[in-house]
There are 2 protein chains.
Amino acid sequence: MRKARNVSPTPARERALRRLEDLCREHGERLTRPRRAVLATLLSARRPLSAYELLDLLRAEDGKSTAASVYRTLDFLRALGIVHRLESTRSFVLCEHLEGPHWVQFLICRRCGQVVEAEDERIAAATERLGQRLGFALDQRIVELTGVCEGCRASAACHWRPGAR
Amino acid sequence: MRKARNVSPTPARERALRRLEDLCREHGERLTRPRRAVLATLLSARRPLSAYELLDLLRAEDGKSTAASVYRTLDFLRALGIVHRLESTRSFVLCEHLEGPHWVQFLICRRCGQVVEAEDERIAAATERLGQRLGFALDQRIVELTGVCEGCRASAACHWRPGAR
DNA sequence: CTATATTTGATACAAAGTATCATCTGCGCC
DNA sequence: GGCGCAGATGATACTTTGTATCAAATATAG
Ligand SMILES: [Zn+2]
Ligand SMILES: [Zn+2]
Ligand SMILES: [Zn+2]
Ligand SMILES: [Zn+2]
């Protein structure tokens with residue numbers, strides 16, 4: 001054992017890496033170590049990471065990532081459509097649908113940080129329609145909805161004193 | 001004339017300042033010089049400004065604004081609902097509807113930078129519905145649609161050589 | 001006008017993102 | 001399997017964007 005590895009070859013991990021491999025081939029892009037590493041780290045985090053959180057995690061593994069390399073790699077993975085950036089929290093998250101570029105909406109719980117990636121047909125249609133109405137040919141649609149998720153509302157309710165004002 | 005003033009008392013300017021005055025009274029907040037100044041500067045810019053562009057403009061006038069004071073004031077005006085932040089461009093823009101807090105969508109031309117603030121009922125309904133479906137009580141809805149506006153598409157078309165590939 | 005709770009200005013710092021360039025490497029080709 | 005090189009990386013330095021702290025100033029109520 002030459003090097004400690006804290007990432008286990010889970011099925012999800014294998015699937016994601018396979019997907020990256022396929023996309024790189026399709027697009028004629030190179031599959032490099034940092035690209036694999038960023039994908040794997042985002043995957044195992046299972047939540048949005050800021051670029052610098054990601055950087056710290058990567059450095060713990062390889063010791064030589066830099067801000068520049070992390071941003072470059074994130075840009076690359078975003079262009080492939082398998083990583084998304086959450087504008088409202090300046091963080092990056094692995095795509096939950098592994099089927100190429102798509103328009104999605106994010107629901108973000110401001111209490112627990114949970115993020116749900118949705119693909120709502122109604123919203124897609126409504127935004128497209130608005131763009132047309134105002135004469136815009138849209139090429140990017142950022143929809144980020146922030147609030148409190150069901151679980152957090154339920155637990156918050158426990159603290160309410162119904163009689164008290 | 002003690003001090004040069006490069007801002008003229010236009011009707012729009014007067015209206016906006018009146019509005020700020022009213023909102024401050026309503027909310028029991030103080031109406032201070034920097035608050036007036038930031039509003040007036042955003043108004044005369046007539047386009048989104050980054051916090052530091054705004055800072056430069058303010059310093060040209062009063063010489064003593066700082067990053068901290070600009071961000072504080074922007075936060076204040078955002079809470080009143082008369083300034084919005086464009087997440088995708090990290091910039092701030094004066095609200096086009098001066099009727100209190102509201103949910104809007106921004107259409108942003110990536111070529112000319114034009115920004116349109118829309119209030120689309122369909123999108124509002126669709127986002128609310130999605131929130132409900134996924135159990136989220138929403139309190140913020142960021143919708144920023146980027147593309148190319150009609151004017152820019154028209155002028156870009158002039159460079160196309162229809163026959164050429 | 002005075003009192004006082006807020007706000008400001010000043011300073012210093014933290015976080016997020018980009019530019020440049022010499023070095024290295026993934027991968028198509030032999 | 002090994003070569004060659006377009007394209008990617010690592011290293012460094014820098015810019016932009018946003019916060020924390022606190023003494024001094026000031027907007028408003030009385
Ligand atoms: Zn996705
Ligand atoms: Zn939650
Ligand atoms: Zn508005
Ligand atoms: Zn345009």
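Below, chains carry the letters A, B, ... as their sequence lines are ordered, and counting in each starts from 1.
- Atom CG in B:Asp62 sits roughly 14 Å away from atom C1' in C:dA10 (whole-Å rounding).
- Between the CG atom of A:Asp56 and the C1' atom of C:dA14 there is a distance of 13 Å, given to the nearest Å.
- In this entry the distance linking CG of A:Leu74 with P of D:dA8 reads 15 Å, nearest Å.
- Among the protein residues, B:Arg25 comes within range of no part of the nucleic acid, since none of its heavy atoms lies under 4.0 Å from any strand.
- Open room surrounds CZ on A:Arg129; 12 or fewer heavy atoms of other groups in view lie less than 6.0 Å from it.
- Residue A:Tyr71 places no side-chain N or O under 4.0 Å from the OP1 or OP2 atom of C:dT18.
- A straight line from CG of A:Leu54 to C1' of C:dG17 spans 14 Å, rounded to a whole angstrom.
- Between A:Lys64 and B:Thr73, the one whose closest nucleotide on DNA chain C sits nearer the 5' end is B:Thr73.
- B:Arg30 comes within contact range of at least one nucleobase, with a heavy-atom separation under 4.0 Å.
- Here D:dT9 presents its C1' atom at 11 Å from CZ of A:Arg33, a figure rounded to the nearest Å.
- If B:Ala51 and B:Leu31 are placed on DNA chain D by their nearest nucleotide, the residue sitting closer to the 5' end is B:Ala51.
- To the nearest 0.5 Å, atom CD of residue B:Glu87 and atom CD1 of residue B:Ile142 are 4.0 Å apart.
- Residues B:Cys24 and A:Ser69 both approach DNA chain D. Their nearest nucleotides, taken by heavy-atom distance, put A:Ser69 toward the 5′ side.
- Considering only the side chain of A:Glu29, D:dA8 comes nearest among D:dT17, D:dA8, D:dA11.
- For an aromatic pair to be called close, the ring centres must be under 6.0 Å apart, and A:His102 with A:His84 satisfies this.
- In this model, the phosphate group of D:dT9 is not approached by any side-chain N or O of A:Arg36 to a distance below 4.0 Å at OP1 or OP2.
- Rounded to whole Å, the distance from CZ on A:Phe92 to P on C:dA16 is 10 Å.
- Look at CZ on A:Arg90: it is 13 Å from P on C:dA15, rounded to the nearest Å.
- Between the side chain of B:Glu117 and the backbone N or O of B:Glu96 there is at least one donor-acceptor pair closer than 3.5 Å.
- For the pair B:Ser50 and D:dT17, the criterion of a side-chain N or O lying under 4.0 Å from OP1 or OP2 is met.
- Distance CG (B:Asp75) to C1' (C:dT7): 14 Å, rounded to an integer number of Å.
- To the nearest 0.5 Å, atom CG of residue A:Leu42 and atom SG of residue A:Cys95 are 11.5 Å apart.
- Among the heavy atoms of the strands, none lies under 4.0 Å from A:Ser65.
- Judged by distance alone, with hydrogens and angles left aside, B:Arg72 brings a side-chain donor or acceptor within reach of the base of C:dG9, the pair sitting under 3.5 Å.
- Stacking is found between B:Tyr52 and the pyrimidine-like six-membered ring of the D:dT17 base under the 5.5 Å centre-distance and 30° plane-angle cut-offs.
- Between A:Asp62 atom CG and A:Arg33 atom CZ the span is 6.0 Å, to the nearest 0.5 Å.
- Remark: A:Thr32 is in phosphate contact with D:dT9, judged by side-chain N or O atoms under 4.0 Å from OP1 or OP2.
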